[in-house]
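Since the structure comes first, as structure tokens, the remarks are kept for the end.
Heavy-atom basis, side chains included; hydrogens, waters and symmetry copies ignored. Predicted, not measured: the structure shown is a model, and the values here were computed from it. Sequence lines set the chain letters: A, B, ... in the order given, protein chains first and strands last, and positions in each chain run from 1.
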Protein chains: 2
Amino acid sequence: MNVSSLMQTRTDSTRDHILATGRGLVAQRGFAGMGLNELLKTASVPKGSFYHYFSSKEDFGCNLLEQYMSQYMSRLDEILTTKGPDARTRLMQYWSLWTSSQTSGDACVQCLIVKIGAEISDVSDEMREILEDGTRQIGMRLSEAIAEGQADNSISQTVEPDLLGAALYEMWLGASLVAKLSRNRDPFLNAMATTELMLPKPHQHTKDMI
Amino acid sequence: MNVSSLMQTRTDSTRDHILATGRGLVAQRGFAGMGLNELLKTASVPKGSFYHYFSSKEDFGCNLLEQYMSQYMSRLDEILTTKGPDARTRLMQYWSLWTSSQTSGDACVQCLIVKIGAEISDVSDEMREILEDGTRQIGMRLSEAIAEGQADNSISQTVEPDLLGAALYEMWLGASLVAKLSRNRDPFLNAMATTELMLPKPHQHTKDMI
DNA sequence: AAAAAACTAGACGACTGGTCTAATATGAAT
DNA sequence: ATTCATATTAGACCAGTCGTCTAGTTTTTT
């Protein structure tokens with residue numbers, strides 16, 4: 001065959017439309033819970049088109065997750081690069097945005113790692129690996145931000161960036177799960193307070209300093 | 001142990017057998033991913049029996065989760081009451097057992113809150129409320145244990161039990177999710193190290209005490 | 001205009017959760 | 001022991017869903 005698989009058609013809009021519609025539906029019903037008929041009816045796309053763009057439901061799921069993780073990493077990097085004067089402020093801003101996005105009730109911004117991570121982990125190795133890679137990258141980026149905070153003197157040198165980055169990320173994933181169950185933002189407020197304690201600022205004017 | 005798992009002659013043995021089989025299947029495939037036919041074929045139980053004992057799949061799910069949470073709370077209470085000389089040791093033993101159970105690969109002991117919490121939270125209010133209640137109870141029991149540790153002088157007075165109990169629980173839920181994705185126990189080791197830091201022993205000979 | 005690729009359309013069989021009637025086992029009352 | 005009511009089992013059946021597939025139409029390229 002030729003390079004037809006690499007060719008880009010002008011009208012990828014159908015494919016993108018299926019992916020966008022699917023994200024909302026998956027965030028609401030889960031992956032197994034979202035039927036293809038429901039997806040395609042919602043998107044007003046015939047079933048034949050779906051199997052033109054994706055080889056299977058799992059392939060669709062992989063593309064959905066890859067797109068999601070890619071966009072998430074870009075956004076994370078933007079926040080941790082620009083949204084604040086120092087690394088600690090930017091980190092706290094990240095948790096703050098996490099809280100507001102996960103309490104908005106808007107299905108499209110729901111964290112897909114929380115929503116379908118456990119569901120697909122024992123079912124689809126291909127999808128699992130995409131999320132595994134995503135969580136690894138996010139954890140690393142957070143650890144990096146903590147190290148930056150130690151460099152710009154907004155975070156105490158007493159913490160270990162690698163350990164703490166992963167631990168904070170895990171705590172916020174858990175908080176999201178509990179928040180989904182309890183339908184309120186208390187778990188996030190709790191995680192926020194704990195995060196403040198776990199990311200201590202350097203001691204500046206205590207008696208033992210100076 | 002007992003004969004009920006081998007014989008189905010006793011009255012409720014069929015019902016219990018369906019629940020036990022369902023727990024393993026749900027832990028593997030998720031709730032929507034487990035079909036009734038698969039469940040009943042695995043359990044060698046005709047469909048008529050299922051609808052004699054349960055009014056619907058959701059009703060079955062509720063009973064499954066209620067039984068699970070009830071057994072979990074009993075086990076948690078046993079650990080936090082007997083498995084160690086002081087409250088802090090008993091708490092650490094709880095996380096240690098969490099780690100080994102979630103890394104065993106045995107589907108039957110998988111944490112159902114992690115596995116199907118997010119999945120069902122937007123689909124079944126009835127099931128969601130059961131898990132909501134369960135997470136609340138577990139968090140409270142952990143906070144209680146931390147307070148006990150402060151009372152028996154195994155945990156520093158500087159921490160706030162309510163905040164910390166919930167935060168630790170959330171971190172371990174998140175660690176379980178990440179561990180399911182990465183298929184290794186690193187997230188648990190990480191959570192364990194962080195837990196040690198978050199549950200400080202009392203300072204015994206510092207200058208500010210006396 | 002012809003050939004090839006991109007895309008649409010919906011039929012298809014296996015399966016889904018759920019309902020239904022009938023058959024059988026059990027236990028209490030007589 | 002016989003009867004009768006209840007508890008439980010059995011699985012055919014329903015309308016609908018699942019993901020797959022082949023055939024057909026439109027668009028692009030040559």
**Prompt:** Can you tell me if the side-chain N/O atoms of Ser49(A) get under 4.0 Å from OP1 or OP2 in dT8(C)?
**Reply:** yes

Hey, what are the protein-to-nucleotides 19-21 of chain D N/O distances that come in under 3.5 Å?
{"from": "dG19(D)", "atom 1": "OP1", "to": "Lys57(A)", "atom 2": "NZ", "distance (Å)": "3.0"}
{"from": "dG19(D)", "atom 1": "OP2", "to": "Leu36(A)", "atom 2": "N", "distance (Å)": "3.0"}
{"from": "dG19(D)", "atom 1": "N7", "to": "Lys47(A)", "atom 2": "NZ", "distance (Å)": "3.0"}
{"from": "dG19(D)", "atom 1": "O6", "to": "Lys47(A)", "atom 2": "NZ", "distance (Å)": "2.8"}
{"from": "dT20(D)", "atom 1": "OP2", "to": "Tyr51(A)", "atom 2": "OH", "distance (Å)": "2.5"}

**Message:** Glu148(A) vs Glu144(A), test: side chain to side chain contact (heavy atoms under 4.5 Å, CB included). Steps then yes/no.
**Reply:** CA-CA 6 Å; Glu148(A) 284 166 26; Glu144(A) 202 178 301; 3.9 Å; yes

**Item:** Distance, rounded to the nearest Å, where Glu58(B) contributes CD and dT16(C) contributes P
**Value:** 19 Å

Donor-acceptor pairs under 3.5 Å, side chain of residues 109-120 of chain A to any protein atom, not counting sequence neighbours: which ones?
{"from": "Gln110(A)", "atom 1": "OE1", "to": "Lys180(A)", "atom 2": "NZ", "distance (Å)": "3.0"}
{"from": "Lys115(A)", "atom 1": "NZ", "to": "Gln28(A)", "atom 2": "O", "distance (Å)": "3.4"}
{"from": "Lys115(A)", "atom 1": "NZ", "to": "Ala118(B)", "atom 2": "O", "distance (Å)": "2.8"}
{"from": "Lys115(A)", "atom 1": "NZ", "to": "Glu119(B)", "atom 2": "O", "distance (Å)": "3.4"}
{"from": "Lys115(A)", "atom 1": "NZ", "to": "Asp122(B)", "atom 2": "OD2", "distance (Å)": "2.7"}
{"from": "Glu119(A)", "atom 1": "OE1", "to": "Phe31(A)", "atom 2": "N", "distance (Å)": "3.1"}
{"from": "Glu119(A)", "atom 1": "OE2", "to": "Phe31(A)", "atom 2": "N", "distance (Å)": "3.4"}
{"from": "Glu119(A)", "atom 1": "OE2", "to": "Ala32(A)", "atom 2": "N", "distance (Å)": "2.8"}

**Request:** Provide the closest heavy-atom pair for Leu181(B) versus Arg128(A) in the form atom of the first, atom of the second, distance.
**Result:** O-NE, 2.8 Å

**Prompt:** Going by distance alone, is a donor N or O of one side chain under 3.5 Å from an acceptor N or O of the other, for Thr89(B) and Asp86(B)?
**Reply:** yes

**Prompt:** Could you give the CZ-to-C1' distance, from Arg15(A) to dT8(C), as a whole number of Å?
**Reply:** 17 Å

**Message:** Could you tell me if Asp59(A) and Asn63(A) have a donor-acceptor pair between their side chains, going purely by distance under 3.5 Å?
**Reply:** yes

**Fill in**
In whole angstroms, the gap separating C1' of dA7(D) from OH of Tyr53(B) amounts to 8 Å

**Prompt:** Can you check the His17(B) NE2 to dT8(D) P distance for me, whole Å?
**Reply:** 16 Å

**Item:** Interatomic distance, Leu40(B) CG vs dT9(D) C1' [rounded to whole Å]
**Value:** 12 Å

Only distances under 3.5 Å count here; give the side-chain donor-acceptor pairs of residues 166-179 of chain A to other protein atoms, sequence neighbours excluded, each with its distance to 0.1 Å.
{"from": "Trp172(A)", "atom 1": "NE1", "to": "Thr195(A)", "atom 2": "OG1", "distance (Å)": "2.9"}
{"from": "Ser176(A)", "atom 1": "OG", "to": "Trp98(A)", "atom 2": "NE1", "distance (Å)": "2.8"}
{"from": "Ser176(A)", "atom 1": "OG", "to": "Trp172(A)", "atom 2": "O", "distance (Å)": "3.0"}

**Asked** Does a nitrogen or oxygen in the side chain of His52(A) sit under 4.0 Å from OP1 or OP2 of dA6(C)?
**Response** no

